[in-house]
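Quick notes on the structure that follows.
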Amino acid sequence: MSEKFVATIALAGNPNAGKTTLFNALTGARQHVGNYPGITVEKKEGYVDAKQGLTRVVDLPGTYSLTAYSQEELVARDFLVRERPQGVINVLDATSLERNLYLTVQFLELGIPVTLALNMVDALEAKGMRIDSDRLAALMNVPVVRTVARSGTGVRDTLAAALDHPQKSWQPLHISYGPDLDPVLQKMTELIAERKFKTETYPPRWLALKFLESDLVVRQLFETDAELHRRMLVMADEVARHCEKTLKTQPEFIIADYRYGYISSILRQGVLTVMPDLQDRADLSDRIDSVLTHQVAGPVIMLGILYGLFSVTFSIGQVPMEWVESFFAWLASVASGLPGGLARSLVVDGIIAGVGGVLGFVPLILIMFLGITFLEDSGYMARMAYMLDRVFRSFGLHGSSVVPFIVSGGIPGGCAVPGVMAARTLRSPKEKLATLLTAPYMVCGAKVPVFILLSAAFFPGHGARVMFLITLGGWAAALVVARLLRSSVIRGPSTPFVMELPPYRMPTALGLVLHTWERGWQYIKKAGTVILAISILIWAMMTFPALSPELAAPLESQIEEFEARLAVEPQEEIRLALENDIAELNLRLNEETLSNSLAGRLGRSIEGITSWAGFDWRTNIALIGGIAAKEVIVSTLATAHSLSDGEEQNFSSRIATAAGWNTSVAVSLMIFVLLYSPCFVTVVAIAREASWGWAVFSVFFNTGFAYAMAVAAYQLGMRMGW
Ligand code: GDP
Ligand code: MG
């Protein structure tokens with residue numbers, strides 16, 4: 001379709017602002033879809049008969065910014081500077097004007113002739129807000145047209161405005177970036193203008209600004225002029241060092257701050273009016289925020305809220321958790337009455353123990369999710385992200401990483417599966433990846449029983465303190481590893497914090513229930529599907545191959561002999577001794593069976609490596625099972641230490657005195673369980689959010705890292721004589 005046209009008009013804007021809807025409304029059937037050369041970004045073109053003549057319209061990919069963070073941004077930027085369309089219709093989602101105008105300011109700084117399509121005004125008015133489009137046009141000095149792209153309202157007027165707004169030369173907008181950056185920007189701009197470097201394509205000040213923003217593409221551009229490049233680098237490095245020293249930040253963040261400042265100064269001049277009751281809510285939000293995001297009080301309150309959530313979850317969660325547990329204990333005792341050795345063992349030891357162990361955590365998880373949902377729906381979570389952004393940024397993460405971390409178990413008891421899914425809100429792929437890979441270090445609900453068991457055995461009376469330290473350890477590991485990854489395998493710039501702080505609102509009961517249920521249901525589904533399958537698999541691995549008759553026979557015959565004697569023994573003391581012996585022999589039989597089973601052999605075969613961390617073959621079995629699902633670690637350990645049914649309560653006292661166990665082993669094991677491979681379902685979730693390559697990476701990297709830390713802890717502990 002190559003028709004003769006008089007002008008090209010590009011449609012640009014944030015994703016979901018309504019560009020494609022507007023494009024379709026304009027061009028109808030006269031459009032075609034292709035790709036930009038060499039990449040998968042979609043290119044849409046169409047034609048419209050306008051008063052001025054046939055006009056070509058191009059629907060650019062949606063972007064939030066014009067930096068070089070993504071292919072979409074590069075495509076949009078290149079199209080604009082290379083093809084220099086006669087006009088650009090910047091489609092804005094009027095309901096989030098502040099974020100949308102961030103891109104507009106960048107267009108204006110490039111000097112692009114922009115016409116604003118103030119789209120979705122219907123949705124805005126439904127929210128009880130008004131926009132004074134004339135005032136916005138006057139303040140920004142560009143045409144503004146109100147549109148409802150979905151119904152076609154204002155669409156033709158927008159095109160007409162864009163075509164009526166011809167501009168022979170681009171006139172870039174000039175905004176101040178404050179006392180630190182303005183002088184160096186000025187010097188750079190003069191230098192570029194003096195040397196006439198690419199000035200026919202880009203405004204000199206824009207090049208200087210992008211250079212300061214560390215835009216990789218622009219910096220590469222300068223490499224063609226070595227002398228200029230060198231001088232620019234010297235200036236950029238000097239101001240970056242200065243900002244780091246005096247403001248603890250980097251020029252690109254200062255630039256983002258000033259752009260937002262510019263936008264909010266415009267919006268505050270009566271562009272947006274809110275209906276009175278909504279205005280009250282906004283004012284109230286501002287007042288609440290002056291306390292909750294206060295520099296000093298804010299973080300203190302945040303810790304208090306998190307701690308409150310933590311203690312409420314555990315104190316309230318205890319009760320229903322016991323109900324669920326006793327229900328499964330009852331079920332197991334009923335099932336023990338079933339006939340048939342193997343089948344009964346499968347049902348009792350495999351299915352009921354495995355699935356029951358997981359479902360036992362459901363009440364805890366639901367309460368926990370209820371709390372998190374409350375924080376999210378009320379608007380407080382966004383404030384946490386905002387407050388933590390500075391800290392997180394220095395570790396290569398983003399303020400929005402806080403939600404995935406907390407959901408994964410940043411407050412013990414979460415689950416990494418919904419945590420990993422919560423990372424979707426992160427826009428930069430690199431920050432998202434770093435979050436995905438480190439969120440599994442948090443203390444998810446399935447790891448909790450391991451820590452409780454080991455601290456009861458080796459640090460009796462200090463359970464809460466141990467749990468607190470482990471939680472801190474999880475956070476520390478996540479931040480440090482994120483930093484490590486972001487300066488090696490996933491290196492790249494950080495993205496400025498672009499997240500609006502919504503007004504506070506009281507969450508509705510229905511919303512809370514629905515959101516909590518969505519998260520909880522994912523966990524329950526996991527118990528019913530993956531964990532059921534894995535429990536059966538592990539049970540089979542721990543049962544087969546059966547002990548050979550030659551090995552089993554002596555023990556079995558001895559048990560029979562003692563039982564026969566017990567049946568006729570009148571004396572109480574001897575009866576007790578006999579009963580003890582029988583129990584002892586049964587345990588030995590179980591242990592022999594396990595040791596001979598597939599799982600036992602596997603556990604033994606890696607004992608040589610794991611003994612460095614203090615783990616024997618029994619622990620190995622439990623840990624291997626834990627890769628499938630962390631929930632099975634404790635129950636597998638119990639079975640491997642040949643405990644009979646109902647004895648799990650005494651497990652911690654047994655393990656405290658068992659051969660091969662001491663405090664060093666316990667510490668090493670806790671560290672390993674905290675850090676090693678994410679469970680199977682989490683790995684699948686990571687693959688879905690990133691790729692299978694990264695999912696496999698997380699299995700091996702985390703296990704290697706956990707092993708190194710566990711060996712260090714164990715060796716150190718042994719030297720210290722723990
Ligand atoms: P794009 O990502 O910018 O191309 O956005 P789309 O054109 O795909 O639109 C995103 C969503 O916004 C779609 O669900 C549209 O139906 C909806 N939408 C577009 N324009 C309007 C509008 O003027 N009012 C309302 N309420 N919705 C709109
Ligand atoms: Mg689109």
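Atoms within each ligand, like the ligands themselves, are counted from 1 in listed order.
The backbone N or O of Phe211 lies less than 3.5 Å from a partner atom in the side chain of Arg219, making a donor-acceptor pair. Side chain of Asn90 to backbone of Leu116: no donor-acceptor contact under 3.5 angstrom is found. No donor-acceptor pair closer than 3.5 Å links the side chain of Asn119 to the backbone N or O of Val91. Without hydrogens or angle criteria, Gln86 side chain to Thr8 main chain gives a donor-acceptor distance under 3.5 Å.
A 4.5 Å side-chain heavy-atom check between Pro251 and Leu181 finds at least one atom pair inside the cut-off.
Comparing heavy-atom distances from atom 18 (N) of ligand 1 across Lys19, Lys44, Arg146, Met120 singles out Met120 as nearest.
At a 3.5 angstrom cut-off on N or O pairs, Leu22 does not count as close to ligand 1. Remark: ligand 1 and Asp59 share no N or O pair separated by less than 3.5 Å (distance only, no angle test). Any N or O atom pair closer than 3.5 Å counts here, and Val148 shares no such pair with ligand 1. In terms of N/O distances under 3.5 Å, ligand 1 is not approached by Thr147.
Only the backbone of Pro15 comes within 4.0 Å of ligand 1, counting heavy atoms alone; no side-chain atom from C-beta on gets that close.
Within the structure, the closest approach of Gly13 to ligand 1 does not fall below 4.0 Å when heavy atoms are considered.
Near Ala149, with a cut-off below 4.0 Å to any heavy atom, the atoms of ligand 1 are 20 (N), 22 (C), 23 (O). Those atoms of ligand 1 that come under 4.0 Å of a heavy atom in Thr20, given as number and element, are 1 (P), 4 (O), 7 (O).
Residues Arg259 and Glu213 are paired through a salt bridge, judged by an N-O separation under 4.0 Å between the basic side chain and the carboxylate.
Judged by the 6.0 Å and 45° rule, Arg99 forms no cation-pi pair with Tyr64.
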